[in-house]
Amino acid sequence: MSQLIKAQTLKGFRDYLPAPAMARERIMEIARRVYRSYGFSPIDTPALEYTEILLGKGGDESDKQLFRFTDQGGRDVAMRFDLTVPFARFAAQHLNDLGTPFKRYHLGTVWRGENTQRGRYREFMQCDFDTIGTESNAADIETMLVIHDLLAAIGFERFSVRVNNRLVLNGLLDKLGLAEKTSGILRSLDKLHKIGRDAVVAEMVERVGATSEQATRVLDLASLSGSPADILTKLEPMLAGSPLGELGVSRLRELFSAVSTAGIPAERVRLDVSIARGLDYYTGTIYETFLADDPSIGSICSGGRYDNLAGLFTNQKLPGVGASLGLDRLLAALENLGQIDSASTPAPVLVVYFQPERLGDYLRIGRLLRAAGINAEVFPESKGVGKQLKYADRKGFRVALIAGEDEFQSGQWQVKDLKAGQQTTVAEADLVDHLQKLLAGA
RNA sequence: GUGGCUGUAGCUCAGUUGGUUAGAGCGCCAGAUUGUGGAUCUGGAAGUCGCGGGUUCAAGUCCCGUCAGUCACCCCA
């Protein structure tokens, strides 16, 4: 007996069985479709980059999380931890071929060596889209529309996109003389929903070094609630005299107004002045998206505006705005909500292979259906009909096609609707038509 | 990276103060039913008790380490 190797996967890395894999591919197809519908073009970049390309772009945390090693040629390399930094490199390298404004989407796997949790993996797929080369608020607003349409197309009804603008908080912090402590303040503020107002104030005073009056002023702003228009109206006097803060408010005002005119339901869009998250490079509008039915999984689609995407790689200034759908996190939420279809076959039709000497005919009918756009599997073994129907049932086939010598003689097929439990006899000439109608009704 | 909880069959779990051959339900396979699934009945296969070490006459059970999952911190998709 040879020593068996234990079949196992690494922490944070997962296998996909057919049912979740099909759900995953379905979402990828929807993402591509929605992005393309807005005119975003596909690109791709390597999984591996020179480490210096990736280091220091997402803050210290992401540096620590890099999967990094020396390749066979002695190069210091690392696996990408997001799609934005590689895009910055890509944009700097190919700017002359792209022209601006440039809109791209990119579906790709990324790797982060952090601790795992439900919906947090070390390998996961992001579905990014960005518009670069423009500072126009129209791009920020369109980003909002894309996020909304994407989630709606996936089939969600109850979700909220929370929007904020870094300029608002930066403007306030500027006014209060807290500009130097921005990142500490934002980090504390971000816990508002979790630990409450008093704890946040305490943390800002103790850990960040703000005075309690400063902290209170920040919380007064961040705690504003109500409709976007209400909040913005209350925000204005608080930021008076801060050009950046006022700009942030006016951009938000335009965003909420345009988004509403464009037809996005108001309940799916919120102004949340307390959200501050997002990587360090965000400078303007920021977005986070939560599912009403599983908020604990965290944001499933986040992004924002940045002043200068590729400043480390080129002198050309490239402002932009975009967002990223966390596909595997979304999938974990769907799984949790029991919304993964249990069918594990992409074909609706199983051709029962029942008479060995008629193999060619079974294969022929399979090709006939495929030519008409109907996915069909011919069972690979000539076994009992009952066995094959059981297989069809378990795998989630919609229809079984059965024919033996009698049917072949008369040019007919038994079409068994496995969901309804009904069986009808159909002439081969009418088969495609019949199935198309049956499947359309499903 | 730090801390808490968890880890027994494919899945969900039981397993008495450590005590002989580790159980159940569901699922799977075969048959009842060699041209008809989901039901029922009968039978069957399947477990390195996550892995490694230690204590003990004896470890699924106690101790240590490790791997994995999960939760919190941190950060984020």
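In what follows, chains are A, B, ... by sequence order, proteins preceding strands, each numbered from 1. Keep in mind it's a predicted model, so treat the numbers as computed, not measured.
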Per-residue pairing states of RNA chain B in dot-bracket (Watson-Crick or G-U under 3.5 Å; . unpaired, | other strand) read (((((((..((((.....[...)))).(((((.......))))).....(((((..]....))))))))))))....
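- Within 4.0 Å (heavy atoms only), G12(A) reaches sugar-phosphate atoms of the nucleic acid but no base atom.
- For the pair N115(A) CG and rG1(B) P, the computed distance is 7 Å after rounding to whole Å.
- Using C1' as the reference atom, rG47(B) and rG15(B) are 14 Å apart when rounded to the nearest Å.
- Formation of a donor-acceptor pair under 3.5 Å by the S160(A) side chain with backbone atoms of R162(A) is not found in this model.
- If you take atom P in rG18(B) and the same atom in rA45(B), they sit 33 Å apart, rounded to whole Å.
- Note on ring orientation: taking the six-membered ring where Trp is involved, the planes of Y35(A) and F129(A) are tilted (angle from 30° to 60°).
- Of the residues near RNA chain B, L10(A) and G119(A), the one whose nearest nucleotide (by heavy atom distance) lies more toward the 5' end is L10(A).
- Comparing the C1' positions of rC13(B) and rC49(B) gives an interatomic distance of 13 Å, to the nearest angstrom.
- Counted by atom type alone, S296(A) and D294(A) present one or more donor-acceptor pairs between their side chains at under 3.5 Å.
- Using the six-membered ring where Trp is involved, Y38(A) and F40(A) have ring planes that are tilted, between 30° and 60° apart.
- The base of rC75(B) lies close enough to the side chain of R120(A) for a donor and an acceptor atom to sit less than 3.5 Å apart.
- Comparing the same atom, P, in rU61(B) and in rC41(B) gives a spacing of 37 Å after rounding to whole Å.
- Both M125(A) and G113(A) sit near RNA chain B, but only G113(A) has its closest nucleotide nearer the 5' end.
- A centroid separation of 6.0 Å or more is found between the aromatic rings of W111(A) and Y121(A).
- Residue-to-nucleotide contacts include a donor-acceptor pair under 3.5 Å from the side chain of E114(A) to the base of rA77(B).
- Atom pair L150(A):CG and rA77(B):P shows a separation of 15 Å (rounding to whole Å applied).
- Straight-line distance between the P atoms of rU17(B) and rU42(B): roughly 35 Å, to the nearest whole Å.
- In this structure, D128(A) pairs ionically with R104(A), as a charged nitrogen and a carboxylate oxygen lie closer than 4.0 Å.
- Between E335(A) atom CD and rU70(B) atom C1' there is a gap of 15 Å when expressed in whole angstrom units.
- Ion pairing between a basic and an acidic side chain is recognised when a charged N comes within 4.0 Å of a carboxylate O; E428(A) and R364(A) show such pairing.
- For the OP1/OP2 pair of rG10(B) and a distance below 4.0 Å, the side-chain nitrogens and oxygens of R394(A) include no atom meeting the criterion.
- Here K191(A) lies in heavy-atom contact (under 4.0 Å) with sugar-phosphate atoms only.
- Ring geometry for F87(A) versus F102(A): interplanar angle of 30 to 60°, hence tilted.
- For the pair N375(A) (side chain) and P346(A) (backbone), a donor-acceptor distance under 3.5 Å is present.
- A straight line from CG of L186(A) to P of rC75(B) spans 11 Å, rounded to a whole angstrom.
- Rounded to whole angstrom, the span from the CD1 atom of I27(A) across to the C1' atom of rA77(B) amounts to 13 Å.
- OP1 or OP2 of rC74(B) has not a single side-chain nitrogen or oxygen of R187(A) nearer than 4.0 Å.
- Between R14(A) atom CZ and rU70(B) atom P the separation is 8 Å, expressed in whole Å.
- Rounded to whole Å, the distance from CG on D15(A) to C1' on rG69(B) is 15 Å.
- Remark: the separation of the P atoms in rC74(B) and rC11(B) is 34 Å, to the nearest Å.
- Under a 3.5 Å cut-off, the side chain of R122(A) and the backbone N or O of E114(A) do form a donor-acceptor pair.
- Residues Y362(A) and F408(A) place their aromatic rings such that the two centres sit under 6.0 Å apart.
- Listed nucleotides rA77(B), rG1(B), rC67(B) differ in distance to Q8(A); the shortest reach to its side chain belongs to rC67(B).
- Look at the P atom in both rG43(B) and rA24(B): the space between them is 13 Å, to the nearest Å.
- If you take atom C1' in rG52(B) and the same atom in rA9(B), they sit 23 Å apart, rounded to whole Å.
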Counting primed atoms, P, OP1 and OP2 as sugar-phosphate and everything else as base, the B/S/- map of nucleotides 34-39 of chain B against protein heavy atoms under 4.0 Å is -BBBB-
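- The side chain of T116(A) contributes an N or O atom lying less than 4.0 Å from OP1 or OP2 of rG69(B).
- In this structure, D190(A) atom CG and rC75(B) atom P are separated by 8 Å, rounded to whole Å.
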